[in-house]
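Presented below is the structure to which this report refers.
Side chains included, hydrogens not; waters and symmetry mates left out as well; all remaining heavy atoms used.
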Amino acid sequence: MKSKQQLTELIFHRAEKIKSHKDIEAVMQKHYKLLFRLYLTKPLYFKVIFKANRFIIGSAIMAYFFTTEKPTLRHVKDFCKKTGLISDNTIDSFLLFIRVGGRMDVKKDPQDKRKLNYQVTSKALDETRALINTMMIPYGMLYPDFDVSGCLKMENFTADYFQKYAEIILNQVYLFDMVPDCKAFVFRDAGHMLLMDLYIESIKQQTAVIEYNYLKASLKCGVSRSHIKRCLKAAEVDGLLTLDTPNNTIILHLTFMQMVLNYFAVYMAMVEHGLRGLPGAPPLPAH
């Protein structure tokens, strides 16, 4: 297993290559379209899972499930506490949310009744697979030699993917550490969706001064208008954008545009790392 530093350097290097691809904007639009379609099916679940600290818990659940013989809730809880980023309350309430939603089954260990073994349900596996697809399908646009259709048919795709992707999770390599400017968004519910929505609007409107419909955005992101306004206010304080309320526009600064590009490229490089765990995956592209 690579060290945290080695993984971070590898992902940074790959992200730089991905970011400079001539079709990167089309790839981002494809991800957004696929994610939007998926998001609409379960907005409550996806807005919750896309908050950074909960994303860590969800990823840890999958990582231990696919890399440990008898995964326990203690594995997940101890790992999440060790990060120093997540309170006990957040861990417990999210695990309950996952269980109540039918995404995890928990049973006492037959050998040690104090241990709670868990099983990820097919519902959670299907949702996770669909979420990875929103990045994997666009990845195939960047690298046509990557066999996307073959991957879509693979039965053990999620297990093989997480064998490799778990390196990133268990080494605590976080997107928000690699792209710190994204914190104003990703530490809030639906942060990823909102960040992408603003960027895609700027591509559609062909300007960095965008007209923004808060009602439409709240429906897309599954959160209230006031939640979106608070998020944008925090981004304004961070110097990423300016809210021009009288004209009902948002001025997206160059720092915002660069941040989203970096964020997306690092995210894709992380997904690419998981894809390298698939049998028959081609070697890393040279460009």
Could you report the tightest heavy-atom contact between Val120 and Ala124, atom names first, then the distance?
CG1-CB, 3.5 Å
Report yes if the distance between the aromatic ring centroids of Phe264 and Tyr267 is under 6.0 Å, otherwise no.
no
Gln163 side chain to Phe66 backbone, donor-acceptor under 3.5 Å
yes
Considering only heavy atoms from C-beta outward, does the side chain of Leu241 approach that of Ile251 to under 4.5 Å?
no
Could you tell me whether Glu211 atom CD has more than 12 heavy atoms of other residues or ligands within 6.0 Å of it?
no
One pair to check against side-chain contact (heavy atoms from CB on, under 4.5 Å): Leu175 and Val186. What are the steps and the verdict?
CA-CA 10 Å; Leu175 214 167; Val186 301; over 6 Å; no
Got a donor-acceptor contact below 3.5 angstrom from the His21 side chain to the Asp23 backbone?
yes
Any heavy-atom pair between the side chains of Phe36 and Thr134 that's under 4.5 Å?
no
Does any part of the side chain of His31, heavy atoms only, come nearer than 4.5 Å to the side chain of Val27, both counted from C-beta?
no
Just checking His192 against Phe55, ring centres under 6.0 Å apart?
no
Any ion pair linking Lys42 and Glu127 (charged N to carboxylate O, less than 4.0 Å)?
yes
Looking at Asp88, Asp92, Thr72, which hits side chain to side chain donor-acceptor pair (under 3.5 Å) with Lys77?
Asp92
What one should report as the nearest heavy-atom pair of Gly222 and Pro43 is CA-CB, 4.3 Å
Determine whether more than 12 heavy atoms belonging to other residues, nucleotides or ligands lie under 6.0 Å from atom NZ of Lys19.
yes
More than 12 non-hydrogen atoms from neighbouring residues, nucleotides or ligands closer than 6.0 Å to NZ on Lys204, yes or no?
yes
To the nearest 0.5 Å, atom NZ of Lys30 lies from atom CE of Met141 at 7.0 Å
Under 3.5 Å donor-acceptor, Arg225 side chain and Asn213 backbone:
no
Would Leu131 and Phe46 count as a side-chain contact (heavy atoms from CB on, under 4.5 Å) if you check the C-alpha gap in whole Å, the side-chain angles of each, and the deciding distance to 0.1 Å?
CA-CA 9 Å; Leu131 204 49; Phe46 288 112; 4.0 Å; yes
Using every non-hydrogen atom in the two residues, find where Val179 and Met259 come nearest and quote the distance to one decimal.
CG1-O, 3.8 Å
Backbone N/O of Leu243 and side chain of Glu236: donor-acceptor pair under 3.5 Å:
yes
Pairwise distance CD1(Ile98) to CG(Leu73) - rounded to 0.5 angstrom:
11.5 Å
Answer whether the closest heavy-atom distance between the side chains of Val48 and Phe97 falls below 4.5 Å.
yes
side-chain hydrogen bond (donor to acceptor under 3.5 Å, both in side chains) between Asp197 and Tyr32, intermediate numbers included
CA-CA 8 Å; Asp197 191 49; Tyr32 176 79; 2.4 Å; yes
With side-chain contact (heavy atoms from CB on, under 4.5 Å) as the test, would you mind laying out the steps for Leu261 and Tyr199 before giving the verdict?
CA-CA 9 Å; Leu261 194 54; Tyr199 192 89; 4.1 Å; yes
Do the side chain of Arg188 and the main chain of Ala184 share a donor and acceptor less than 3.5 angstrom apart?
yes
Over all heavy atoms of both residues, which pair between Ala60 and Tyr118 is shortest? Give the atoms and the distance, please.
O-OH, 4.1 Å
Here the pair of heavy atoms bringing Ser202 nearest to Leu252 is CB-CD1, 3.7 Å
Less than 3.5 Å apart, any donor N or O on the side chain of Asn171 or Lys2 sitting next to an acceptor on the other?
no
Can you tell if the side chain of Gln119 reaches within under 4.5 Å of the side chain of Met104, non-hydrogen atoms only?
no
Do Arg129 and Tyr161 come close enough that some side-chain heavy atom pair is under 4.5 Å?
no
Can Leu219 be reached from Leu194 by stepping across I, L, V, M, F, W or Y side chains whose heavy atoms are under 4.5 Å apart?
no
For Ile200, does its backbone N or O pair with a side-chain atom of Gln29 as donor and acceptor, under 3.5 Å?
no
Just one of Met268, Lys33, Met196 clears the side-chain contact (heavy atoms from CB on, under 4.5 Å) bar with Met28, so which one?
Met196
With a 4.0 Å cut-off, would you call Arg114 and Asp109 a salt bridge?
no
Distance alone, cut at 3.5 Å: any donor-acceptor contact between the side chains of Gln172 and Lys82?
no
What verdict does the side-chain hydrogen bond (donor to acceptor under 3.5 Å, both in side chains) test give for Asn117 and Lys108, after you've listed the backbone C-alpha separation in whole Å, the side-chain angles of each residue and the deciding distance to 0.1 Å?
CA-CA 6 Å; Asn117 295 333; Lys108 283 183 180 170; over 6 Å; no
Tell me the closest heavy-atom pair linking Cys221 and Tyr39, and the distance in Å.
O-OH, 2.8 Å
One pair to check against side-chain hydrogen bond (donor to acceptor under 3.5 Å, both in side chains): Thr68 and His75. What are the steps and the verdict?
CA-CA 9 Å; Thr68 311; His75 283 127; 5.0 Å; no
Using the rule that Ile, Leu, Val, Met, Phe, Trp and Tyr join whenever any side-chain heavy atoms are under 4.5 Å apart, tell me whether Phe94 and Leu96 fall into a single cluster.
no
Any side-chain heavy-atom pair of Ile57 and Asn53 under 4.5 Å
no
Does one side chain, of Thr242 or Asp244, offer a donor that lies under 3.5 Å from an acceptor on the other?
no
What's the spacing between Tyr212 OH and Gln205 CD if we round to 0.5 Å?
10.0 Å
What's the verdict on side-chain contact (heavy atoms from CB on, under 4.5 Å) for Met62 and Ile169, showing C-alpha distance, side-chain angles and the deciding distance?
CA-CA 10 Å; Met62 289 293 176; Ile169 299 158; 5.7 Å; no
Counting neighbours of NZ on Lys216 that are heavy atoms of other residues, nucleotides or ligands and sit closer than 6.0 Å, is the number greater than 12?
no
Can you check whether Gly102's main-chain N or O pairs, donor with acceptor, with Thr121's side chain at less than 3.5 Å?
yes
Using 30° and 60° as the class limits, which term best fits the ring planes of Tyr174 and Phe176: parallel, tilted or perpendicular?
parallel
When you measure from the centre of the six-membered ring of Tyr214, is the NZ or CZ of Lys229 closer than 6.0 Å and no more than 45° off the axis?
yes
Test salt bridge (charged side-chain N to carboxylate O under 4.0 Å, His left out) applied to Lys220 and Glu201, step by step
CA-CA 13 Å; Lys220 281 183 201 171; Glu201 277 303 319; 3.6 Å; yes
Measure from the side-chain N and O atoms of His273 to the backbone N and O of Tyr165, and report whether any donor-acceptor pair falls under 3.5 Å.
no
Any sub-3.5 Å donor-acceptor pair from Thr90's side-chain atoms to Ile86's backbone N or O?
no
Tyr139 ring center near Tyr143 ring center (under 6.0 Å):
yes
For the backbone of Asp189 and the side chain of His227, can you confirm whether one donor and one acceptor N or O come within less than 3.5 Å of each other?
yes
Between Val260 and Val209, is there a shared hydrophobic cluster once you connect ILVMFWY residues whose side-chain heavy atoms come closer than 4.5 Å?
no
For residues Ile228 and Cys231, determine if any side-chain heavy atom of one lies less than 4.5 Å from a side-chain heavy atom of the other.
no
Does the structure place the NZ or CZ of Arg74 under 6.0 Å from the centre of the six-membered ring of Tyr64, at an angle of no more than 45° from the ring's axis?
no
